[in-house]
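Here is the structure we will look at.
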There are 2 protein chains.
Amino acid sequence: MADSDPEQTLERKRGSGVKLVYDLLRDEILDLKLAPGSAIDEVALAARFGMSRTPIREALVRLVSEGLIETLPNRSTMVSNIDFLGMHAYFDALVLMYRVTTRLAAQHHRPEDLENIRAHQAEFSDAVRSQDALAMIATNAAFHSAIAAAGRNAYYAGFFDRLLGEGRRMLRLYYQSYEDRLPNRFVDEHEEIIAAIAARDVDAADRLGKAHGEQIVEQIGRLLTRHERQDIEL
Amino acid sequence: MADSDPEQTLERKRGSGVKLVYDLLRDEILDLKLAPGSAIDEVALAARFGMSRTPIREALVRLVSEGLIETLPNRSTMVSNIDFLGMHAYFDALVLMYRVTTRLAAQHHRPEDLENIRAHQAEFSDAVRSQDALAMIATNAAFHSAIAAAGRNAYYAGFFDRLLGEGRRMLRLYYQSYEDRLPNRFVDEHEEIIAAIAARDVDAADRLGKAHGEQIVEQIGRLLTRHERQDIEL
DNA sequence: TGTATTTTTCTTGTCGACAAGAAAATCAGA
DNA sequence: TCTGATTTTCTTGTCGACAAGAAAAATACA
């Protein structure tokens, strides 16, 4: 299936291969195009991208260090499974980072940050309108990432990006289960958050960030309990 | 200098090379044995460890993804500089994580966690007694990492470990400047934290974690302002 | 037929070599 | 002597090939 699609027969610039593979694999993993647990074959990837195994391997090492794929020594490498048991911990961290980054954005944002945030919100809104689930998820993450960037704390921003990435897989699961129908509510909540940031209202930003996070948590939580009833018994 | 010291002439198990190089380089960077900004030569490392450049390269990729080294494309790779300008953001994140992890440990710790934490505290205390600055720094980080582990939130724990790692370099700078004299106070504060965790006193844990963090921040802050007066003018 | 053992196959980990890109060194011209 | 172009050198990025480890397949034996 992959050999019929040589990703890029064009000449690539020296050093660009790793980034290309990394970005693409990362997106495919986060969009659930590569299912959790599915095997990753280095030689197949090398053939698909028309390059040797060395740059492929470096991209895989990066993905491993981000926890997106796992390797059994001397054996297989596969897409990491979503950690359902650690989900509670994940939501805790996510909500806290929603709060912290939104707060900081209200404090430290500059005019150009607001433009950037609004641009991402526009993209998100477009994605919602056109019912493009994958775009919705990606642009939503980008929106919140832009807020974190406006908060001017690289440590929080990096951590938050990581959480958002992991969350993209869960959100994908969520939307899939609802046949890609959309919660329009998110768009409105985003607007409120932007308003609070623009007004430099730290308390409102904190409160809205918390509410937004908890709302998502609650929705995904509903999905999971439903799934657990159907699939597994704990 | 390096070629006189072939790190390991023994046979290594297949797959162990990367971890060996990674662990050693990481420690050398965090202990400031490799100065920030100093160049890293792949072939020299390959010679030093008696292996080819491939596993060296994978270790370097991991270190890059952790932000400990940086690479200029097609040119040099070097140890990352300590981000003094972003220090304020760092301290914010560190104090918050001190609070959160200590809180969670008070809530969720199990008996074996306490044993583990106390063991690390004993090591830290030994290091303080024997005036071993490097050991103090490493065992201090391990102590707090153990607390985070007891909090049962892998996301916080991972983030915190990363912050503690970055902090090891600053602490090293700090102790160096005081000729490795020690703040005995840390030992006592650690004991208080342990007591609060053992008593499952969440509020006390939060407060002590915050105070402990801010105390360290203040000390390092003093060091930096002193340095800034001496070295650079901003 | 079922189980233990050997053989094969397949994937990963490592290696040595080569090519490209950039800096340093050399050289030419004024 | 200084400046600009050219050559050399040095480091990194990529490649193809080989070896080791483990699973799967095949074989032998009861």
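Lettering of chains follows the sequences in order, A, B, ..., and the numbering in each one begins at 1. Computed from a predicted model, the values in this text were never measured in an experiment.
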Answer with base, sugar-phosphate or nothing: what part of the nucleic acid does [X] contact at a heavy-atom distance below 4.0 Å?
X     : value
A:E42 : sugar-phosphate
B:I56 : nothing
B:L60 : nothing

Nearest-angstrom distance from the residue atom [atom1] of [X] to [atom2] of [N]:
X     : N      : atom1 : atom2 : result
A:E58 : C:dT14 : CD    : P     : 14 Å
A:K13 : C:dA22 : NZ    : C1'   : 16 Å
A:R12 : C:dA20 : CZ    : P     : 15 Å

Looking only at the side chain of [X] (C-beta and beyond, no hydrogens), which of the listed nucleotides [options] gets closest?
X     : options                : answer
B:R75 : D:dC15, D:dA23, C:dA22 : C:dA22
A:S52 : D:dG16, C:dC15, C:dT12 : D:dG16
A:R14 : C:dA20, D:dT14, C:dG13 : C:dA20
A:D41 : C:dC18, C:dT12, D:dC15 : C:dT12
A:V18 : C:dG13, D:dT14, D:dC15 : D:dT14
B:T77 : D:dT14, D:dT12, D:dA22 : D:dT12

Contact check, side chains of A:S52 and A:I56, non-hydrogen atoms, under 4.5 Å: no

Residue pair B:R169 / B:S80, side-chain heavy-atom distance below 4.5 Å: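 Yes, at least one pair of side-chain atoms sits under 4.5 Å.
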
Aromatic centroids of B:F159 and A:F159 separated by under 6.0 Å: yes

Ring centers of B:H120, B:H144 separated by less than 6.0 Å: no

Which residue lies more 5' along DNA chain D, comparing A:T54 with A:P73 via nearest heavy atoms: A:T54

Passing candidate, side chain to side chain contact (heavy atoms under 4.5 Å, CB included) with B:L25, options B:L45, B:L68, B:L20: B:L45

5'-most by nearest nucleotide on DNA chain C - B:S16 or B:N74: B:S16

Residue-level proximity of residues 62-72 of chain A to DNA chain D when a heavy atom falls under 4.0 Å: none

Modelled atom types, side-chain donor and acceptor of A:D113 and A:H108, under 3.5 Å: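 No.
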
Basic-acidic side-chain contact under 4.0 Å: B:R168, B:D27: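 Salt bridge between B:R168 and B:D27, a charged N being under 4.0 Å from a carboxylate O: yes.
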
